[in-house]
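Everything below concerns the one structure shown next.
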Number of protein chains: 2
Amino acid sequence: MATMASLFLKTPTPSPSLPKSPLVHFRAGPGRLTTGPARIRCGLIEPDGGKLVDLVVEAPQRDLRKRQATSLPQIKLSKIDIQWVHVLSEGWASPLKGFMRESEFLQTLHFNSLRLVDDGSIVNMSVPIVLAIDDLCKNNIGDSTSVALVDDKDKPIAILNDIEIYKHNKEERIARTWGTTAPGLPYAEEAITHAGNWLIGGDLEVIEPIKYHDGLDRFRLSPAELRDEFTRRNADAVFAFQLRNPVHNGHALLMTDTRRRLLEMGYKNPVLLLHPLGGHTKADDVPLQWRMKQHEMVLEDGVLDPETTVVSIFPSPMHYAGPTEVQWHAKARINAGANFYIVGRDPAGMGHPLEKRDLYDADHGKKVLSMAPGLERLNILPFKVAAYDKTQNKMAFFDPSRPQDFLFISGTKMRTLAKNKESPPDGFMCPGGWKVLVDYYDSLTPAENGRVPEPVVV
Amino acid sequence: MATMASLFLKTPTPSPSLPKSPLVHFRAGPGRLTTGPARIRCGLIEPDGGKLVDLVVEAPQRDLRKRQATSLPQIKLSKIDIQWVHVLSEGWASPLKGFMRESEFLQTLHFNSLRLVDDGSIVNMSVPIVLAIDDLCKNNIGDSTSVALVDDKDKPIAILNDIEIYKHNKEERIARTWGTTAPGLPYAEEAITHAGNWLIGGDLEVIEPIKYHDGLDRFRLSPAELRDEFTRRNADAVFAFQLRNPVHNGHALLMTDTRRRLLEMGYKNPVLLLHPLGGHTKADDVPLQWRMKQHEMVLEDGVLDPETTVVSIFPSPMHYAGPTEVQWHAKARINAGANFYIVGRDPAGMGHPLEKRDLYDADHGKKVLSMAPGLERLNILPFKVAAYDKTQNKMAFFDPSRPQDFLFISGTKMRTLAKNKESPPDGFMCPGGWKVLVDYYDSLTPAENGRVPEPVVV
């Protein structure tokens with residue numbers, strides 16, 4: 001039986017250089033504790049399925065596809081649906097080529113993985129990427145084998161071919177994805193509970209690259225663009241840090257320390273992918289625009305080295321599905337070229353919607369991630385706990401021999417300080433980054449009557 | 001991506017003869033549609049993990065273990081707990097060596113499979129086999145690394161060694177196993193909802209073989225005994241039929257027809273394992289004692305050929321967890337030597353506890369089973385629909401070209417007829433088997449006042 005100890009802190013497994021034919025499929029052996037010296041790869045980790053999926057129609061074909069779309073039955077996409085089209089179009093979910101058909105949906109729910117028909121190999125896939133339609137829409141599709149996916153202004157976004165329509169059992173989907181059916185799960189409320197009773201899968205042709213025109217598109221590098229960037233920088237290791245919160249100096253310490261450890265292992269040029277999630281988040285998370293401003297300040301203030309850091313936006317919506325979702329977060333980063341993944345305490349977790357407790361055990365995320373099928377090639381780096389060291393006036397790794405010297409500043413505490421325009425201890429976050437946070441909370445409570453905004457207690 | 005068509009109706013995959021050393025581990029490639037001629041194995045399918053687990057203490061050691069048990073902290077087992085000890089002790093769950101530790105529990109919930117530490121290979125494991133304890137019991141165990149498991153009369157049944165205690169998140173366990181958290185799931189009500197808030201895993205030493213002394217122990221062959229029996233009969237294919245209901249002639253037709261198909265494939269001596277589930281079932285299922293009487297009559301009446309049929313009891317409790325549980329039913333039969341598994345419509349399904357619908361899509365069981373990790377070596381045979389052919393006065397495979405000739409007799413209809421002492425159409429069930437059913441329902445409504453029992457409408 002698998003034991004925990006054997007599954008953590010894998011040392012690098014060898015990975016071949018990118019093969020000449022991207023169709024050649026590579027699977028490393030299962031992750032096991034290697035005690036020998038680190039063996040260094042000489043190319044980026046291969047995408048799942050051996051080839052990065054790209055579903056965007058070539059430029060010369062786009063007008064034709066647009067015209068074809070107008071003659072097909074139409075499905076109107078929500079904002080979250082369009083984010084998934086974006087995710088699929090750039091190959092974050094490689095080798096998935098469109099919204100899931102039933103066989104993929106069932107494998108995702110039951111096994112958190114897909115078996116490839118070609119060679120029987122396994123890739124990780126833990127959250128359903130599906131498109132819901134209602135009875136009316138299903139009737140409207142009739143016998144058509146293709147449908148057009150349009151935005152809220154009826155502009156064609158994509159064509160879904162060779163479609164398959166199957167039942168959307170929402171209760172079962174929610175139960176198997178979140179491990180609860182309690183009302184109040186943000187993603188379920190937004191995208192499942194009120195969605196249609198059918199799911200439609202098929203192969204996707206996306207008419208042109210998805211853009212949001214919000215000033216942040218320049219940060220939205222596709223997996224292919226990220227791979228090019230890592231290659232341009234001669235990265236021999238890429239370590240990804242997923243986040244949906246402001247960066248404080250504890251995070252920075254962790255990222256800097258990870259690079260140091262990778263150098264010690266023998267890598268010559270480890271590059272950090274600082275990868276904030278950019279899709280739908282719950283209402284009380286700091287919005288993407290403000291987080292990106294904050295991340296820019298952190299780089300400007302020199303807390304992280306721009307030479308060895310790539311900041312980019314991960315376009316996926318957020319499920320808050322804990323151990324199930326952290327697998328998706330890790331798997332997508334393999335496709336973007338990362339072979340190391342930093343996993344935090346309670347990744348993708350949240351409070352239980354009804355009970356006064358965390359929805360997930362704080363350790364389950366890293367445990368499940370470390371045992372997940374299809375992620376054997378990825379090196380999982382568990383988060384070291386950082387806290388504010390009062391003796392040094394800076395963030396440092398927690399030393400259990402002198403707990404009295406450390407101050408834990410939770411996300412809630414941090415938000416409350418920023419809302420109340422108070423300052424955190426010196427050295428908790430760079431001043432420029434902190435100012436962005438204060439400005440954000442300030443923007444939420446406009447002082448129309450000239451009064452100082454009310455302190456908000458979270 | 002996997003498509004349904006490629007996953008069904010696998011033709012036999014080659015399997016090696018039993019290796020000299022049972023420690024040698026064999027994994028066939030992933031199940032794929034083979035179109036060439038059937039290749040015939042010359043030995044029974046290997047158990048999961050390469051070796052059949054046997055956790056029963058050798059006879060000379062039993063007294064010592066009994067004495068040791070008296071000095072250990074005690075956990076009192078429920079009837080269902082003892083059934084799981086039985087299941088584990090004989091290796092139905094091979095390579096599991098005891099109640100699950102947390103890493104196995106998490107892999108079961110999230111992946112329906114376990115990765116073996118030795119070689120990274122995958123075995124199927126879809127239902128948690130766990131032991132719940134409450135706070136008091138946990139405190140009582142203290143720092144002990146072993147505990148004694150005792151029955152309701154404090155008789156030691158087993159010792160659990162190298163224990164690990166971890167949280168029992170019941171909501172998450174139920175949601176991920178059943179795909180619902182609706183109250184009223186029979187197994188959850190009986191064994192989870194009111195159980196303790198901790199789970200205890202470890203390696204099991206079972207003091208002596210589990211017996212029930214109910215007159216049916218002779219039918220409870222262990223996987224090792226079944227393998228011996230199949231070998232004695234020179235079986236070159238073993239096809240398992242899981243059931244928890246009386247056998248009617250439609251089932252018999254299916255089993256006979258399966259043997260015919262296996263002979264056509266080139267097998268010389270296919271043997272049927274008719275394998276009724278013997279553990280805890282819900283209140284309205286026909287009890288094991290009556291089902292066994294009914295199965296005996298079916299064999300006596302010559303509906304099935306005793307020469308090529310082995311009737312035995314599968315000791316597992318029933319979860320009614322549909323697509324999740326059918327994997328367990330199939331996996332356990334691999335360990336008993338079966339390389340073909342007949343899967344019905346809606347296997348291990350039941351009505352939704354709250355809503356007027358089936359809990360699972362009737363097709364999901366066979367779909368999930370056909371794609372399940374760790375079951376690639378097993379040949380899945382989907383159930384052909386049999387119904388009563390009025391033109392022949394017998395059960396026959398349904399012919400969609402003349403639907404008007406067929407009568408579908410549901411389980412509910414069958415039970416209602418038997419309860420009302422009415423007869424089914426000639427040829428639906430052998431008369432001896434039918435009489436057992438009528439006697440069973442008769443036994444439920446004793447005519448103390450001399451009146452004929454009331455007809456019961458289900």
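Chain naming here is simple, since letters A, B, ... match the order of the sequence lines and numbering starts at 1 in each.
- In this structure, chain B has a heavy atom under 4.5 Å from the backbone of A:Thr177, while its side chain stays farther away.
- With a 4.5 Å cut-off on side-chain heavy atoms, B:Glu172 and A:Tyr360 count as touching.
- For chain B, the nearby parts of A:Thr180 are the backbone and the side chain; heavy atoms of each come within less than 4.5 Å.
- Smallest separation of non-hydrogen atoms from B:Glu171 and A:Ala182: OE2-CB, 4.5 Å.
- Put simply, the side chain of B:Ser103 does not reach to within 4.5 Å of the side chain of A:Lys367, judged on heavy atoms.
- Interatomic distance, B:Leu106 CG to A:Leu369 CG, rounded to the nearest 0.5 Å: 12.0 Å.
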Q: I would like to know whether B:Arg176 and A:Trp178 meet side chain to side chain contact (heavy atoms under 4.5 Å, CB included); could you show each step before the answer?
A: CA-CA 8 Å; B:Arg176 296 197 193 277; A:Trp178 280 272; 5.8 Å; no
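- The structure places NE2 of A:His110 at 13.0 Å from OG of B:Ser113, a figure rounded to the nearest 0.5 Å.
- Taking chain A as the reference chain and counting heavy-atom pairs below 4.5 Å, the highest number among B:Met100, B:Arg173, B:Arg357 is found for B:Arg357.
- In this structure, CD1 in A:Ile122 is found 8.0 Å from CD1 in B:Ile122, a value given to the nearest 0.5 Å.
- When side chains are defined from C-beta on, A:His364 counts as touching B:Glu102, because their heavy atoms get closer than 4.5 Å.
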Q | Derivation of the side chain to side chain contact (heavy atoms under 4.5 Å, CB included) call for A:Arg115 and B:Glu376 | A | CA-CA 11 Å; A:Arg115 179 182 298 150; B:Glu376 298 83 359; 2.4 Å; yes
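- Between B:Val368 and A:Phe111, some side-chain heavy-atom pair lies under the 4.5 Å cut-off.
- Looking at B:Asn169, the atoms closer than 4.5 Å to chain A (heavy atoms on both sides) all sit in the side chain, from C-beta outward.
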